[in-house]
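Heavy atoms only: backbone and side chains are in, while hydrogens, waters and symmetry mates are out. The structure presented is a predicted model; accordingly, all values stated were derived computationally and were not measured.
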Amino acid sequence: MLGTGARYAEYGITGGFFLLTQALILGLANPGLLISGAHSFGGLLKEGVANIPDEAKPAVQSLLVALALLSVFIIGLVLEVIGSVFMIYEANLFRKRLEMNQWVAKFVDAELPDYAEDYTAVLGVPGFWPPWKSWKKRSGAFGNMKFRKGWQRFRRFESVLIARVLTSGAKTEMLAEQISIYRMSRAIGTALYVVGSEFYLGSAVFERILPGPVFQLIGILIVLCATFITLGSYSRFANMLLSLVYASWKRQTDPLAG
């Protein structure tokens, strides 16, 4: 559904965004170090290339460019993998969408009886507000085990719904677009979490620009924005997924369809 080129583009965008934010933060913290480091690295690279025979220069330059791009892609991939921590919020959001769409219970009974337990487990995922009730449900070894099991069943139930759409013959371009947007948003949200943590924990380093508490507040706001961006994109994906499942199911069961 998503081509290899699209995946590489996602990794490149998110990896490049992360490197840009780190360069900006380093520039705010110590602009002299950033400039001197870039100058030293450029001089070292220029000197190294100058010592390469002319016949091998094109190949070495192409190799260096490929390694640089590969590094950016790897950073984007790592951000996406780390972004799986958002699953605890996604499961809660998906549960709310299932509760809003009562037809899903009938659909599971009729079409996916083998996944009825997964559906029930997702409906049992606890919310995150108020936080003390959520913490109480997750506290203890048994509670944590049950909660992790709910996450696993949530991801499996989500996957079977995607597979259902893909095998229904419905046009999946809109769903593929939402998946791509969501994956990028989750990786960018992860990068913003890192940036927000750096602002909050390193506020003393930036005191020459603004008071430390200001940067701590900025860090908190960045983390909140990252959460809202990620959950907003996942909400659109979940709504699109359930809409396509409903449309394909009704087309198959409605005797007047077609």
Side-chain angles (χ1 to χ4, degrees), residues 1-2 83-138 143-144 146-190 223-257:
M1 189 163 57
L2 292 177
S84 61
V85 298
F86 284 105
M87 185 171 63
I88 58 177
Y89 303 107
E90 297 165 6
N92 182 49
L93 184 60
F94 197 70
R95 173 186 60 81
K96 294 180 179 179
R97 294 296 177 269
L98 293 180
E99 291 175 348
M100 292 170 57
N101 295 272
Q102 299 296 326
W103 59 268
V104 179
K106 300 178 181 179
F107 169 77
V108 172
D109 291 337
E111 303 292 334
L112 301 173
D114 295 334
Y115 292 89
E117 292 184 2
D118 293 343
Y119 173 68
T120 304
V122 176
L123 292 179
V125 171
F128 283 85
W129 194 264
W132 54 86
K133 289 186 178 180
S134 175
W135 176 256
K136 184 177 180 180
K137 290 181 180 180
R138 290 186 301 233
N144 289 332
K146 184 177 180 180
F147 200 64
R148 287 194 297 268
K149 187 177 181 181
W151 293 344
Q152 296 170 358
R153 289 184 177 271
F154 147 69
R155 192 59 81 192
R156 187 168 68 173
F157 187 69
E158 178 194 61
S159 300
V160 76
L161 290 182
I162 295 176
R164 180 74 182 189
V165 173
L166 295 178
T167 57
S168 66
K171 294 182 179 180
T172 59
E173 289 80 5
M174 293 186 296
L175 182 61
E177 180 181 357
Q178 292 302 323
I179 292 177
S180 178
I181 293 173
Y182 160 66
R183 291 168 63 94
M184 289 184 59
S185 299
R186 188 169 68 174
I188 291 175
T190 305
V223 170
L224 291 176
C225 288
T227 303
F228 290 140
I229 289 172
T230 305
L231 293 185
S233 63
Y234 183 79
S235 178
R236 294 177 59 185
F237 159 70
N239 290 333
M240 179 64 67
L241 175 60
L242 292 176
S243 298
L244 290 175
V245 171
Y246 180 80
S248 61
W249 180 47
K250 281 300 180 181
R251 187 173 62 250
Q252 295 176 1
T253 57
D254 190 351
L256 299 179

* **Value rounded to 0.5 Å, distance of CD in E111 from CZ in R164** => 4.0 Å

* To do: Output, in order, the C-alpha distance, side-chain angles, deciding distance and verdict of side chain to side chain contact (heavy atoms under 4.5 Å, CB included) for L224 and T227.
  => CA-CA 5 Å; L224 291 176; T227 303; 5.5 Å; no

* To do: Report the C-alpha distance between R153 and Y119 in whole Å, list the side-chain angles of each, state the deciding distance to 0.1 Å, and finish with yes or no for side chain to side chain contact (heavy atoms under 4.5 Å, CB included).
  => CA-CA 8 Å; R153 289 184 177 271; Y119 173 68; over 6 Å; no

* To do: Evaluate the side chain to side chain contact (heavy atoms under 4.5 Å, CB included) criterion for residues R155 and F94: first the C-alpha distance (whole Å), next the side-chain angles of each, then the deciding distance (0.1 Å), finally the verdict.
  => CA-CA 10 Å; R155 192 59 81 192; F94 197 70; over 6 Å; no

* Asked: Would the F157 and Y115 ring centres measure less than 6.0 Å apart?
  -> no

* **Pairwise side-chain contact, Y89 with T230, heavy-atom cut-off 4.5 Å (strictly under)** => no

* Asked: Pick one: which of L112, D114, D118, V108 meets side-chain contact (heavy atoms from CB on, under 4.5 Å) with V160?
  -> L112

* Test applied, side-chain contact (heavy atoms from CB on, under 4.5 Å); reference residue, L244; option that passes from I162, L166, L175 -> L175

* Asked: Can you list every pair that meets side-chain hydrogen bond (donor to acceptor under 3.5 Å, both in side chains) and has a residue in residues 235-246, with sequence neighbours left out?
  -> R97-S235, R97-N239

* Which residue, R95, Q102, K96, forms the side-chain hydrogen bond (donor to acceptor under 3.5 Å, both in side chains) with E99? -> R95

* Distance-minimising heavy-atom pair for L241 and E158 -> CD2-O, 4.2 Å

* How far apart are the C-alpha atoms of Y234 and F237, what are their side-chain angles, what is the distance that settles it, and do they pass the ring-ring contact (aromatic ring centres under 6.0 Å, His included) test? -> CA-CA 5 Å; Y234 183 79; F237 159 70; 5.6 Å; yes

* Asked: What heavy-atom pair brings S233 and S185 nearest, and what distance separates the two atoms?
  -> OG-CB, 3.2 Å

* Do L161 and L242 pass the side chain to side chain contact (heavy atoms under 4.5 Å, CB included) test, and can you show the C-alpha distance, the side-chain angles, and the key distance before you say yes or no? -> CA-CA 8 Å; L161 290 182; L242 292 176; 4.1 Å; yes

* **Whether S180 side chain and A176 backbone form a donor-acceptor pair below 3.5 Å** => no

* **Closest non-hydrogen atom pair, F154 against V122** => CA-CG2, 3.4 Å

